Visitor: 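Structure in structure tokens, see below.
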Amino acid sequence: VKFVDEFRNRDIAGGLIRRIFEISTRPVNLMEVCGTHTVSFFRHGIRGMLPENIRLLSGPGCPVCVTPNRDIDHAVALSRRKDVIVATFGDMMRVPGSTSSLQKEKAEGRAVQVVYSPLQALRLARENPEKKVVFLAIGFETTSPAVAMTLLQAHREGARNLYFLNSQKRVPPALRALLQSEKVGVDGFILPGHVCTILGREPFQFISGEFGRPAVIAGFEPLDLLQAVWMLVSRIESNEAFVEIQYTRAVRNEGNPVALDKMEEVFRPDGALWRGLGWIPGSGCRFMEPFDAMDAGRIEVDIEPLREHPGCLCGEILQAVRTPPECPLFRSVCRPEQPVGPCMVSIEGACSTYYKYQC
Amino acid sequence: VLIHAGFAIQQLDQEEAEETIQLLKQLVEIR
């Protein structure tokens with residue numbers, strides 16, 4: 001398959017690993033921001049092939065994981081209304097809120113539907129004109145254009161029964177918050193190729209410009225990851241900091257202008273609550289005024305009092321302050337078939353990945 | 001194309017892909 005097999009070439013991978021060993025002289029912490037990268041590092045066994053002085057930290061780039069309990073409780077409360085159908089991506093079904101989850105609610109007979117695209121939620125709204133269809137909009141800038149396009153289409157059609165429970169997040173402000181918090185020392189960032197396909201390079205320039213750290217926008221195949229590590233280690237060893245693109249086959253400097261235009265038409269930046277990272281200014285997406293009527297926040301519900309599981313360390317794991325095996329619940333109480341926190345639910349969550357790949 | 005949440009978000013650039021592979025081969029000295 002073009003673009004896949006070529007980027008899994010064993011000989012080139014071996015050569016890249018040798019090059020990394022040759023240039024690496026000091027301990028470095030590299031953060032793979034995105035859950036897809038975390039999975040790829042584990043799945044291809046790359047972590048075990050790198051020099052011991054290179055430490056890989058999993059960052060906050062799993063949208064399911066960073067969605068706070070408050071938003072899950074809100075979705076649960078909406079699902080309890082008889083006139084509402086909740087439409088959600090499958091990963092969100094099993095994420096526990098304070099006392100319930102969408103999966104539990106569905107088992108109780110509530111109308112909760114798994115969809116693969118926000119457009120399916122629009123179709124549900126057309127097919128069920130007597131119901132309010134609420135799409136649980138989670139995701140980063142990779143998903144936001146799809147939500148924006150659906151919202152615009154619904155608006156054009158004059159759909160009156162489609163709503164969005166908006167929990168979308170923006171990645172750059174979260175990275176700024178991480179760097180400002182100084183809770184964890186990150187020497188270089190592996191940036192998510194798919195998010196940067198939309199955003200381009202510019203929104204991440206502050207990482208090198210203001211914080212003096214190098215960053216590489218990387219693809220998801222083994223050679224992409226190894227090249228990104230090599231690029232970062234080269235920069236760190238030379239005391240240089242730039243934001244560079246490794247994933248040149250997909251990412252342009254300017255990003256995807258069409259997608260950016262649609263996002264700008266529909267959303268404006270707003271503060272947002274992240275699990276683990278707390279309230280981050282400018283890290284959320286608020287609807288522009290013409291689309292306010294589609295905000296599910298307008299539907300009246302009683303949301304239960306917030307309750308966090310006292311032993312769950314997802315919040316600290318998302319900041320890379322702790323690793324999954326350091327959580328007392330990991331493998332004992334919290335397992336993929338019975339998750340306590342979202343990082344064990346999502347296939348891109350750090351806990352789920354450690355559970356699956358680390359013996 | 002790269003597809004996410006039911007939408008094509010980017011078309012992959014074959015020339016860039018081939019260039020990257022060539023660059024990596026040169027870097028690790030594979031002919």
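Every chain is numbered from 1, with letters handed out A, B, ... down the list of sequences. Keep in mind the model is a prediction, meaning the values are calculated, not measured. The analysis underlying the following values was restricted to heavy atoms, covering all of them including side chains, and did not include hydrogens, waters or symmetry mates.
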Visitor: Please report the shortest heavy-atom distance between A:Ala146 and B:Phe7, naming the atom on each side.
Guide: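 Looking at all heavy atoms of both residues, the closest pair is CB-CD1, 3.2 Å.
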Visitor: With a 6.0 Å cut-off (strictly less than), is the heavy-atom count around CD of A:Gln153, excluding the residue itself, greater than 12?
Guide: yes
Visitor: Can A:Gln227 and B:Leu23 be said to form a side chain to side chain contact (heavy atoms under 4.5 Å, CB included), step by step?
Guide: CA-CA 10 Å; A:Gln227 185 186 356; B:Leu23 181 89; 3.9 Å; yes
Visitor: Can you check whether B:Leu27's main-chain N or O pairs, donor with acceptor, with A:Arg19's side chain at less than 3.5 Å?
Guide: yes
Visitor: Hey, are the side chains of B:Lys25 and A:Asp11 touching, using non-hydrogen atoms and a 4.5 Å cut-off?
Guide: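 No, their side chains stay 4.5 Å or more apart.
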Visitor: What is the distance from atom CG of A:Asn9 to atom CG of B:Leu24, rounded to the nearest 0.5 Å?
Guide: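 Between A:Asn9 CG and B:Leu24 CG, I get 9.5 Å after rounding to 0.5 Å.
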Visitor: Which atoms form the tightest heavy-atom contact between A:Ala250 and B:Leu2, and what is the distance?
Guide: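 The answer is CB-CD1, 3.9 Å.
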Visitor: Go through it in stages, so that I can follow the logic: the residues are A:Phe7 and B:Ile21, the test is side chain to side chain contact (heavy atoms under 4.5 Å, CB included), and I'd like the CA-CA distance, side-chain angles, deciding distance and then a yes or no.
Guide: CA-CA 8 Å; A:Phe7 287 87; B:Ile21 292 293; 3.8 Å; yes
Visitor: Heavy-atom distances under 4.5 Å only: say whether B:Glu19 touches chain A with side chain, backbone, both or neither.
Guide: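 Contact with chain A is absent: no heavy atom of B:Glu19 under 4.5 Å.
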Visitor: Taking A:Asn256 for the side chain and B:Ile9 for the main chain, is one N or O donor matched with an acceptor at less than 3.5 Å?
Guide: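 The answer is yes, because a donor-acceptor pair under 3.5 Å joins these two groups.
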Visitor: Does atom CD of A:Glu22 have more than 12 heavy-atom neighbours from other groups under 6.0 Å away?
Guide: yes
Visitor: Please round to the nearest 0.5 Å and tell me the distance separating atom CD1 of A:Ile12 and atom CD of B:Gln26.
Guide: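 So the CD1 of A:Ile12 and the CD of B:Gln26 are separated by 11.0 Å.
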Visitor: Do the side chain of A:Ser117 and the main chain of B:Ala5 share a donor and acceptor less than 3.5 angstrom apart?
Guide: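 It does hold such a pair.
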Visitor: May I ask you to test the A:Ile198-B:His4 pair for a side-chain heavy-atom distance under 4.5 Å?
Guide: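 In short, these two side chains do not touch, never coming nearer than 4.5 Å.
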Visitor: Tell me, for A:Ala259 versus chain B, whether the close heavy atoms (under 4.5 Å) come from the side chain, the backbone, both or neither.
Guide: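 Contact with chain B involves no heavy atom of A:Ala259 at all.
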Visitor: In the structure I gave you, are the side-chain heavy atoms of A:Thr248 and B:Asp13 within less than 4.5 Å of one another anywhere?
Guide: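 Answer no - side chains too far apart.
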Visitor: Going by an N to O cut-off under 4.0 Å, is there a salt bridge joining B:Glu16 and A:Arg252?
Guide: no
Visitor: Using a 6.0 Å cut-off, check whether atom CD of B:Glu15 has over 12 heavy atoms from anything other than its own residue.
Guide: no
